[in-house]
Amino acid sequence: MNKIFRYECQRLLWNKFFFGFLGVLLLYGWQVLEGVTLSGISHTAPFSPWSFGDYLSRMMPLLWTGALFFLTFFTSSAARRAAVLTDAAPFSPRGYALTRCAAALTGTCLITFACLAETAVFYRWYFGWQDWGTLILPVLTVLVPALVFSLGSGWLLGRIRPWLLYAWMLFPFLCRTLPLPQTACIWNGSFFARYPLTLDVLDPPFSLPFSTAAVQTVVLGIGVMLWGIGMCWERK
Amino acid sequence: MKSVRLLTLKILPPNRRHVFRDAPCARQTFADWWYTRPPGACRFTLKVPPPNRRHAFRDAPCARQTFMGRWNACPPGACRFTLELRRLLQSPLTWLTIFLTLLSPLAGLYIYQPASASTMHTMYLANPALAGGAAGGILFALLTVYELDRAGRSRMDVLVDAAVSPLTMALVRLLALAGAAILTLGAVMALWLPITAKLIGSVFHMEDYLLAYVIFMGLALPLSILAAASAFQFTRRADLSLAIFAAFAGLSLTVWSDRWQLCWLNPCVWALSDDFSNLRIFRSAAWMRMTWLGALTGIWILSWLSIRQYGKGLLGSLSQSLARNARLLYRPAAAFLLLVCSGTAFAAQPFVDQSNPDQTVMTFLEIPFLEGVSFLHRSVFVCPDTAAGTVAGKAIFQLQNHSGQTQTLAFGINPGYKISSVQANGRDASFSVSDDQEYNESLLQVTIPPAEDIELSIEYGGFPQEDSSMSAMQGRLEISDEYLCLENSVLSPRLMNVPPVNVPLKNVSAKDVPEAEYVPYPTTIEITLPAHMTVIPFSPSQPEKLAENTDGTITWRYEDSGTGGILYAGDYLRQDIEAGGLTIQLYYGRRHQAVMEAAGAAQAVKAVVDYCTEHYGPLSFGADGTLKLIQSRVSGGGYARNGASLLDEVDFTAANLDDAGKGTVPGEVMIHELVHQWWGLANMFDPASANDAWSAEGLTVYTTYRIVKELYGEDSSSSYARENYVKKWLQAVDDYQKNFYVRNPRYLAALPQKEQLNISNSLSYVRRYNEMPLKILKAEQLVGGEEAMDAILCDLFNRELDYTYPYLTYSDFLDACGLTEEELNLKKN
């Protein structure tokens with residue numbers, strides 16, 4: 001199992017896509033940090049959880065796209081041709097699918113950590129600030145549900161039709177242009193610009209309204225559920 | 001000349017098993033095509049260039065014979081481009097892309113509206129064209145990656161590469177995609193022409209329509225195709241290419257959207273004029289597009305040379321491309337040249353200057369007056385080239401130099417101008433133009449000889465540049481045969497360190513002179529313009545016709561005073577309005593006549609002047625009792641000087657007429673600028689405190705609010721005034737007070753200077769335009785209401801002036817109100 005995991009990781013991460021994507025991500029991230037985050041969001045510091053959350057919500061579409069691109073490694077026509085061999089191997093299809101999922105998750109985590117590390121460098125560089133602990137909640141709120149949902153839904157869609165993965169990549173970009181309701185406005189990026197202003201305190205600590213937290217939890221749950229369905233399908 | 005010949009085999013289902021039966025390699029390729037072909041397709045096409053044609057089917061005698069038969073029968077000169085374009089247009093995905101691109105301007109009407117002005121051309125032309133460009137660019141980029149990946153995805157690349165050079169095929173594909181983009185643009189323009197004309201109405205202008213769609217939308221398509229194709233050719237991966245393109249487009253649409261040279265996908269356009277031409281903003285957008293077109297074409301050529309050949313990688317293929325044939329060195333040379341040219345075009349753009357971003361610095365104003373040098377007269381001869389948007393001129397200064405020594409004069413000159421000659425008393429004088437730029441001016445220093453009477457002649461000209469702080473709102477310095485605006489150092493070099501002859505000022509600078517225009521700097525301006533243009537000096541002067549020239553131009557002359565001067569010209573109409581004891585000469589564009597009449601512009605102007613006269617007193621300047629009110633091209637604001645005020649064309653638009661919330665008196669910029677005749681001109685404010693909260697803007701904004709409140713009526717309008725003035729001030733001041741950097745200045749000080757200036761410039765505006773009006777409103781409540789405040793302001797307006805320091809200060813205001821500064825401090829929320 002470990003050997004296959006390492007092999008899949010190598011296949012996903014040791015190629016020009018990964019490094020090229022990483023470069024693109026870091027370049028875009030730095031532009032966002034300098035162009036938007038530096039001014040501070042909703043009267044808060046650039047290093048507040050709210051400004052950081054805004055940065056994450058701007059990076060989320062690219063991370064989402066990256067996660068789905070990792071899945072395309074398993075649904076490409078070359079992978080489908082090789083599936084004849086891997087299916088014939090004496091290894092549980094479910095275990096193999098799990099291993100692949102783990103590899104995709106590893107890749108997604110790596111590009112996410114790269115994003116976070118870039119922010120750390122930025123905060124240190126400009127403000128000498130390093131209280132990283134306060135930034136965990138925005139990560140858990142913005143990125144974890146979205147990326148789990150992207151991997152879960154992407155895994156299932158990739159099994160149905162590989163091209164659906166490409167169409168699904170557009171989803172977060174589309175969300176950013178839509179006037180979503182308050183409960184889902186993390187997805188169009190307006191939550192971090194609006195919600196802190198309603199709290200009537202300066203530099204409010206990070207918090208989520210129940211409805212938003214519920215939506216994000218549901219998204220996370222749906223992501224896990226879709227992933228589970230994909231796994232069951234795999235077993236068949 | 002190599003020419004690709006086409007081998008086309010029409011294949012019907014019953015025969016498909018027999019095609020290439022003697023050519024396993026070609027058969028496999030054919031089989032791949034067969035299972036991935038578009039529904040209904042029955043023609044299998046191979047393109048084979050002459051050198052390879054004998055080898056293409058060397059292992060397949062039967063197919064080779066067929067091919068050779070076809071080859072010989074094929075018409076000579078068959079166009080690869082046409083074939084590829086035809087193939088592209090047979091793809092359903094291409095048609096889907098074209099269809100979505102046709103619909104994409106709809107997004108500009110409802111969702112994506114980057115241009116914020118409320119002119120009809122902005123709302124119904126600029127925004128749809130920009131949205132069409134952004135959406136169409138993204139769609140065509142996706143199509144490009146899909147098409148370039150097609151051969152590899154279908155595993156046809158080996159065969160195609162054997163038949164046609166991959167470089168040739170890449171070029172043909174690019175041209176075919178560009179061809180499809182051009183066809184799409186034509187279709188979009190044809191479809192949206194009647195819709196746009198209907199939406200815009202009587203002010204619709206066909207030239208603007210064509211230019212907007214070609215520049216704002218059309219050029220986005222090839223740029224996107226080039227960017228996506230370059231990414232694909234470098235990486236040879238569809239996924240990575242899409243990611244690179246997504247980031248590149250995302251930056252343009254978000255972080256770079258206010259940086260006019262970087263927003264390659266969505267040009268930085270904030271407004272298009274309804275009444276006058278828009279050539280300057282079109283030129284600026286076209287320059288940006290051409291810069292990127294050069295850069296992306298250069299990058300594309302590099303990526304093209306890197307197309308994998310002979311089983312080598314990126315660098316191997318590139319070196320192979322470069323080393324294979326010395327005759328082909330023009331290819332990398334072209335790429336290099338294009339990149340250098342676009343880099344130069346980026347760095348040396350002619351539209352925006354390099355003014356100091358720190359707007360608190362005014363070193364030019366602090367240059368001390370020269371002792372022993374006096375100004376007698378200035379004559380300016382200006383000849384704008386309305387086709388090129390440039391200005392050529394000559395300024396002659398009559399000076400006296402009693403100092404008996406050489407002196408260095410300082411002029412402010414538009415940074416876009418070149419000085420071609422400087423002569424003092426007929427001899428060349430030494431001069432230099434400093435790189436320091438401030439408030440849209442460069443410092444020109446001229447050394448004059450020790451002679452007593454000096455006639456200094458300066459010849460200048462060029463394409464005027466706009467202030468870098470307004471680079472996202474370009475178009476102010478429009479010069480065309482429909483409209484022209486020459487302001488101060490754009491009109492002629494502005495002398496900064498010489499006092500007038502009868503006003504011996506020592507140890508002072510221009511900053512210490514109350515208003516340069518009050519001091520007698522007699523000036524004669526002559527300007528030559530096309531005969532149909534009306535010349536309107538932004539001063540009480542009236543121009544006279546000097547000569548009608550044989551080339552269809554007229555030379556005008558008028559007298560002015562001041563070191564600068566502003567001149568408007570264009571296709572104007574004039575309407576005279578009697579109000580407040582003055583004759584208001586209202587000038588507006590001919591195209592705007594119907595809207596101005598429907599909006600009741602004359603009544604609005606009269607109402608404002610009557611209000612101010614009744615509440616504060618009549619204006620006393622202007623010997624002939626006239627005041628010019630000139631409609632400018634959309635500029636996002638205005639200004640005023642003695643005897644003239646500006647009226648922005650967005651004050652009166654057809655869209656505003658339909659806005660019931662604005663009541664019966666549109667034109668708030670007009671009101672604001674008219675009020676400046678009372679606050680700012682008749683009563684002056686210390687220019688040294690221009691960055692303090694107390695300035696002419698505070699009282700002007702407050703008075704504008706009062707006028708809007710009164711003239712809009714009691715029910716709907718008072719709520720309009722409250723919503724659009726008081727609440728906005730409160731919101732802005734609240735935002736200001738809560739701003740992180742205002743509360744924690746140590747963090748602002750820690751930032752690099754560029755970031756500091758960006759933030760502090762945006763904050764200083766709030767204090768003058770929002771905080772001070774709010775303080776005056778608070779004072780109004782404390783002194784007993786509107787009537788009491790009107791009486792105080794009337795007294796202040798008519799107070800006796802101390803001519804050594806004629807400014808209205810904050811202390812004067814507080815004293816008149818009987819309040820202290822602390823009492824007016826706004827409570828922090």
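Here is the naming used below: chain letters follow the sequence lines, and residue numbers restart at 1 for every chain.
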Is it the case that the ring center of A:F47 lies less than 6.0 angstrom away from the ring center of B:Y747?
yes
Does some side-chain heavy atom of A:Y126 sit less than 4.5 Å from a side-chain heavy atom of B:P752?
yes
How long is the gap from CG on B:N739 to OG on A:S42, to the nearest 0.5 Å?
11.5 Å
Provide the closest heavy-atom pair for A:F73 versus B:R237 in the form atom of the first, atom of the second, distance.
CZ-NH2, 3.2 Å
Per-residue contact mode, A:T44 against chain B (heavy atom under 4.5 angstrom):
backbone
Most contact-rich option vs chain A, by heavy-atom pairs under 4.5 angstrom, among B:D735, B:I111, B:T235, is B:D735
Tabulate, in ascending numerical order, the residues of residues 175-201 of chain A having at least one heavy atom closer than 4.5 Å to a heavy atom of chain B, or enter 'none'.
A:T177
Does the side-chain contact (heavy atoms from CB on, under 4.5 Å) test come out yes or no for A:K16 and B:R236, once each step is laid out?
CA-CA 10 Å; A:K16 60 185 170 189; B:R236 302 298 289 178; 4.2 Å; yes
Quick one: of B:D258, B:L242, B:L142, who has the most non-hydrogen atom pairs under 4.5 Å with chain A?
B:L242
Under a 4.5 Å cutoff for heavy-atom pairs, which residue among A:G40, A:G35, A:A45 has the most contacts with chain B?
A:A45
Counting heavy-atom pairs closer than 4.5 Å to chain B, which one of A:L38, A:L62, A:T65, A:T72 comes out on top?
A:L38
Side chain, backbone, both or neither: which part of B:T254 has a non-hydrogen atom closer than 4.5 Å to chain A?
side chain
Under 4.5 Å between any side-chain heavy atoms of B:R743 and A:D203, yes or no?
yes
Considering heavy atoms only, which positions within residues 18-33 of chain A lie below 4.5 Å of chain B?
A:G20, A:F21, A:V24, A:Y28, A:Q31, A:V32
